[in-house]
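Proteins get letters first, then strands, A, B, ... in listed order; numbering begins at 1 in each.
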There are 2 protein chains.
Amino acid sequence: MSGLEARELRYFVAVAEELNFSRAAERLGMAQPPLSRAIRQLERRLGADLFTRDTRQVVLTDFGATFLEEARHALEVLTAVDRRARRAAQVTPTLVATAKPGIASGMLRRVAETFRALPGACRVEIAVSGYREQADMVRDGRADVALLSLPYERRGLDSEPLASEPRVAALPADHPLTRRSELRRADLYGEPIPRWAGASEAEHAYWCGREPGNDLPPGPVVGDPSQLLEVVGLGQAVALVPRSVAERNPRSDVTYRPVADAAPYVIAIAWPAGRRSPAIARFVFAATDLYLDRTLVS
Amino acid sequence: MSGLEARELRYFVAVAEELNFSRAAERLGMAQPPLSRAIRQLERRLGADLFTRDTRQVVLTDFGATFLEEARHALEVLTAVDRRARRAAQVTPTLVATAKPGIASGMLRRVAETFRALPGACRVEIAVSGYREQADMVRDGRADVALLSLPYERRGLDSEPLASEPRVAALPADHPLTRRSELRRADLYGEPIPRWAGASEAEHAYWCGREPGNDLPPGPVVGDPSQLLEVVGLGQAVALVPRSVAERNPRSDVTYRPVADAAPYVIAIAWPAGRRSPAIARFVFAATDLYLDRTLVS
DNA sequence: GGCCGCTCATACCTGTGGAGTATAAGTCTG
DNA sequence: CAGACTTATACTCCACAGGTATGAGCGGCC
């Protein structure tokens, strides 16, 4: 009756990931028998087996597989709460903000300055984050707010768009389309388009300038803008990039052309869903006050 | 180092709600001293006090207040995981679906029928739910999916719009506007408009036919459609209602008129964010297959 | 085929720490 | 100032998380 305990979830996830009680126990810094017992107890409490195990191998049941997602989610929330609380508990409470490297870090600095000028503002720390890592940092509590670009994975986040800029096509310098001064999305259909590493279907569709669900042209997988431009320069693909990226990366082997009907590049501020602490609220206010409804100038 | 435990959060929330260690302990079915100790320990682990207490009264610190929101959220997720897991563990796994009473329960029955015809479908239970309670039921795990109407509180939910119908103005029979055969939103500006009990600003703005943030006319608070129509019939307010509500409620003291530019009434299917279990996926598929892009006929 | 190596389960023991009881100590009230 | 309320402290206790030793099932291998 007493409800799930976080410890049980941590144990279960470890076993589910290792699919081996001994290794999982080692990872948890405990012995194997109590771990086996704890899992049995969890199974009794839930009312169904999580694993089918013989002495040779352990596999998740269907029920175990769905419960694994649930358990991971609950633990993610729990660690995020823990991290944010520990940060808020410090003698000098610190708001951690993060942004994608590049343009947004300039925006972020300015938002942070505005925030610090507000009454009741606290210390702000700007955390560096890898490409596309911002949303995860907010979700797992390593950061309180993030500037990130659409379309990002919104699950578990509240957000507010701040600024946008048009996207342009990056074409190999000798591509036939460079003869036109302006393109439309449809002109790129059929061209290979790079896929961002780890991008979801919806994100990839956005970068291709298409609606999700359509067949998407295959293309090389890239991890950052310079890789992307390299791939374009080599003639292996075409791509849609924010105009500011184009302006900061003039290359003789890449030609940029406006795309009239491409959805703009949007930068939004995001924070943990529903967690509008005073500090976060003030920071979001500072950001929207500075940028809302203004077009991003490169 | 070992991370937050659910038990600690339950204790903390109980004390924060009672603001009294003895009563909280009683509610938790335990004695007061261990509860005091547990809270002290939690405070040590987090690194700051949650309460300021003298022997006469207990009050939340600022830190405690923000942590209360966090703790409630984490516990909500945890209980939801628990409830869904226990349901999935049953010998006959059962998907629980809910909807607002009225039109949607008809839709829900049909979606459930379609779902049951799919290969691999499980048992479906249709849960009754109070007005505006559907989203909460999904969030706290009492239901797996819900049919609800926009704009609902999206936090923690994924959703897909299913059907829509136009909204019409409900006017007192002797109101001057009844002389016109069709209205526009602006015609209602300045009229008192009922406020749904518990509605957020954004929701209220939708029911007023206005953008959020504008000044909203004050009006009586109502809890269900019949209350709302009563208030309109008495001449105390005007309101926007879905056309089907108008058709099912002919009243001599209320006159309905189309409103050309009012945002339509939208019914969506919602499920726990990111938790796309096979059963939920199939149910959402059944719903979109039946209704997507069709206009709701009363 | 019998041995070995690997797994998880069972049995039993141990110690930590969560929870109980009794009581002190503080503060407001009449 | 006594009494009614609080929460905190000091202890005792025992449940249960966790450890150790060992059994038991299943393959692979010489």
Discussion item. Could you tell me how far apart Leu28(B) (CG) and dG20(C) (C1') are, to the nearest whole angstrom?
Written reply: 15 Å
Practice prompt. Calculate the interatomic distance between Met30(B) atom CE and dT21(C) atom P; express it in whole Å.
Written response: 12 Å
Worksheet item: Rounded to the nearest Å, what distance is computed from the CZ atom of residue Arg40(B) to the C1' atom of nucleotide dT7(D)?
Response: 9 Å
Practice prompt. Check every strand shown and say whether Tyr11(B) touches a base, only sugar-phosphate, or nothing at a heavy-atom separation below 4.0 Å.
Written response: sugar-phosphate
Item to complete: Round to the nearest Å and state the distance from Glu26(A) atom CD to dC6(C) atom P.
Response: 13 Å
Worksheet item: Mind checking whether Phe51(A) and Phe21(A) have parallel, tilted or perpendicular rings, split at 30° and 60°?
Response: perpendicular
Worksheet item: Among the nucleotides dT7(D), dA17(D), dA19(C), which one has an atom lying closest to any side-chain atom of Arg37(A)?
Response: dA17(D)
Discussion item. Taking the nucleotide of DNA chain D with the nearest heavy atom to each, does Asp54(A) or Pro34(A) sit closer to the 5' end?
Written reply: Pro34(A)
Fill in: Separation of atom CD in Gln32(A) from atom P in dT20(D), rounded to whole Å
12 Å
Practice prompt. Could you check if a side-chain atom of Leu50(A) sits within less than 4.5 angstrom of a side-chain atom of Leu42(A), using non-hydrogen atoms only?
Written response: yes
Worksheet, complete the sentence: The nucleotide from dA8(D), dC8(C), dT20(D) with an atom nearest the side chain of Ser36(A) is dC8(C)
Discussion item. Whole angstroms only, please: what is the CZ-P distance between Arg44(B) and dA8(D)?
Written reply: 13 Å
Discussion item. What's the separation between atom CZ in Arg7(A) and atom CZ in Phe12(A), rounded to the nearest 0.5 Å?
Written reply: 15.0 Å
Practice prompt. Considering just the side-chain nitrogens and oxygens of Arg7(B), establish if one lies under 4.0 Å of OP1 or OP2 belonging to dA19(C).
Written response: yes
Item to complete: For Ser22(B), report the nucleic acid contact type (base, sugar-phosphate, nothing); a contact means any heavy atom under 4.0 Å.
Response: base
Worksheet item: What is the distance, rounded to the nearest whole Å, between atom CD of Gln41(A) and atom P of dC8(C)?
Response: 19 Å
Discussion item. Regarding Glu125(A) and Thr94(A), do their side chains bring together a donor and an acceptor under 3.5 Å, going by distance alone?
Written reply: no
Discussion item. What is the distance, to the nearest angstrom, from the CD atom on Glu43(B) to the P atom on dA8(D)?
Written reply: 9 Å
Discussion item. Can you identify which nucleotide, out of dT7(C), dT6(D), dA21(D), has its nearest atom closest to the Asn20(B) side chain?
Written reply: dT6(D)
Item to complete: Check whether more than 12 heavy atoms from other residues, nucleotides or ligands sit under 6.0 Å from atom CD of Gln227(A), and answer yes or no.
Response: yes
